[in-house]
Amino acid sequence: MTTKAIEWLDNELRILDQSKLPHQQIFIDLSDYQDVVSAIKTMQIRGAPAIGIAAAYGIALGAQKIEAENRTQFFDEFGKILEAFATSRPTAANLFRAIDRMKKAATGNNVSEIKRTLIDEAKQIHQDEIEATTKLSQLGAELIKDGFTILTHCNAGPLATAGYGTALGVIKAAKEQGKKISVIATETRPLLQGARLTAWELKQADIPVTLITDSMAGYFMSQGKINCVIVGADRIAANGDIANKIGTYTLAVLAKENSIPFYVACPTSTIDPSLSSGAEIPIEERSPEEVTHIQGIPIAPEGINAANPAFDITPHKYITAIITEKGIIREPFAFASQ
Ligand code: MRU
């Protein structure tokens with residue numbers, strides 16, 4: 001897993017185009033902040049921590065190009081850049097955490113100093129996420145026993161984090177501890193992050209993986225084939241309710257019914273204590289075409305209605321533990337502002 005999802009190349013941002021994986025590995029160099037906004041919207045870069053990191057670099061990139069004669073002019077333009085990122089995708093808390101950090105970091109005696117500070121802050125946000133995902137993976141690996149088969153959903157590996165990974169980070173760390181483990185990965189319709197990205201990352205890491213369609217998960221759980229479920233998260237409310245890829249809620253209910261532990265792994269930058277419960281988390285609605293088509297090929301009658309919520313809410317009562325870099329947290333969940 002050495003392919004870098006995001007790389008800062010002094011005034012350019014290099015991203016691996018995740019929409020083309022696994023069959024094409026295409027890197028794109030972005031020098032305009034609007035192209036970074038567009039890469040987030042079209043999910044060339046995706047996964048909550050990676051979206052936050054890309055936005056931070058994108059904001060720094062945009063700031064470098066502001067031609068301002070004074071601070072007022074600079075901050076007028078800077079505000080527009082922040083707004084463009086804030087409206088790129090609504091659910092991942094990491095995006096809004098990164099925007100907030102960049103806004104607070106915009107200080108200095110003059111415009112050139114502010115611009116330099118913004119690049120430093122974006123690099124720091126990236127570094128913090130690398131450290132957090134590495135630490136939480138090591139902590140979470142203690143929950144995985146030798147011989148476990150783990151079910152995961154969507155993609156929560158290095159591609160989604162531009163770091164070590166969250167759910168897949170825990171799995172990788174368990175393997176590095178010498179445990180013999182295997183993974184069942186759901187394909188994750190509509191955009192197939194499980195089939196395209198998780199299966200690819202696990203293959204690269206030499207971790208045995210079996211791909212299933214989303215609807216097969218209950219069968220494998222009922223047959224006693226799954227020892228635990230681990231997923232990532234896009235936002236966690238103060239009471240421990242989580243938003244994650246659509247289908248996560250179904251898996252959590254099935255896991256409880258089958259007495260299987262259900263773990264959520266994420267850096268604390270995914271936690272949004274300003275929201276009291278999952279009901280307040282904004283859920284992104286994406287184009288119906290992602291449901292009526294698979295990779296551009298129509299699979300349904302022309303003109304049919306389709307719905308496409310990209311995430312769902314899993315109530316905290318279904319969650320056995322939340323694995324963060326600060327520790328493994330169990331019920332009762334009560335996240336407070338730090
Ligand atoms: O729509 P996506 O692909 O950005 O959704 C990603 C997920 O739901 C991941 O599970 C989540 O971001 C956790 S990533 C560490």
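In this text, all values refer to a predicted model and were calculated from it rather than measured experimentally. Numbering of ligands and ligand atoms starts at 1, following listing order.
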Hey, does [X] sit under 4.0 Å from ligand 1 if you only count heavy atoms?
| X | value |
| --- | --- |
| Ala233 | yes |
| Val231 | no |
| Asn155 | yes |

For [atom], the protein heavy atom that lies nearest, with its residue and separation:
| atom | value |
| --- | --- |
| atom 10 (O) of ligand 1 | Asn244 OD1, 2.7 Å |
| atom 6 (C) of ligand 1 | Arg46 NH2, 3.5 Å |
| atom 14 (S) of ligand 1 | Ala160 CB, 3.6 Å |
| atom 11 (C) of ligand 1 | Asp234 OD1, 3.1 Å |

Ignoring hydrogens and geometry, is there a side-chain-to-backbone donor-acceptor pair from [X] to [Y] under 3.5 Å?
| X | Y | result |
| --- | --- | --- |
| Gln24 | Lys20 | no |
| Asp146 | Lys180 | yes |
| His153 | Gly232 | no |

Within the 4.0 Å heavy-atom shell around [X], which atoms of ligand 1 are there?
| X | value |
| --- | --- |
| Gln193 | 1 (O), 2 (P), 3 (O) |
| Lys245 | 1 (O), 2 (P), 5 (O), 8 (O) |
| Thr161 | 15 (C) |
| Met43 | 1 (O), 2 (P), 3 (O) |

Is any side-chain N of the basic residue among [X] and [Y] closer than 4.0 Å to the acidic one's carboxylate O?
| X | Y | value |
| --- | --- | --- |
| Arg89 | Asp234 | no |
| Arg189 | Glu187 | no |
| Lys104 | Asp100 | yes |
| Lys80 | Glu83 | no |

Side chains of Gln223 and Lys225: any donor to acceptor distance under 3.5 Å?
no
Flag the pair Tyr57 / His126 as yes when at least one side-chain heavy-atom distance between them is below 4.5 Å, and no otherwise.
yes
Polar proximity ligand 1 side, [X] side, N/O cut 3.5 Å exclusive:
| X | value |
| --- | --- |
| Thr166 | no |
| Arg89 | yes |
| Pro49 | no |
| Ile51 | no |

Could you see which bit of Cys154 sits under 4.0 Å from ligand 1, with heavy atoms only: side chain, backbone, both or neither?
side chain
Using the ring of Tyr164 (Phe, Tyr or Trp, six-membered ring only), decide whether Lys172 places NZ or CZ under 6.0 Å from its centre and within 45 degrees of its axis.
yes
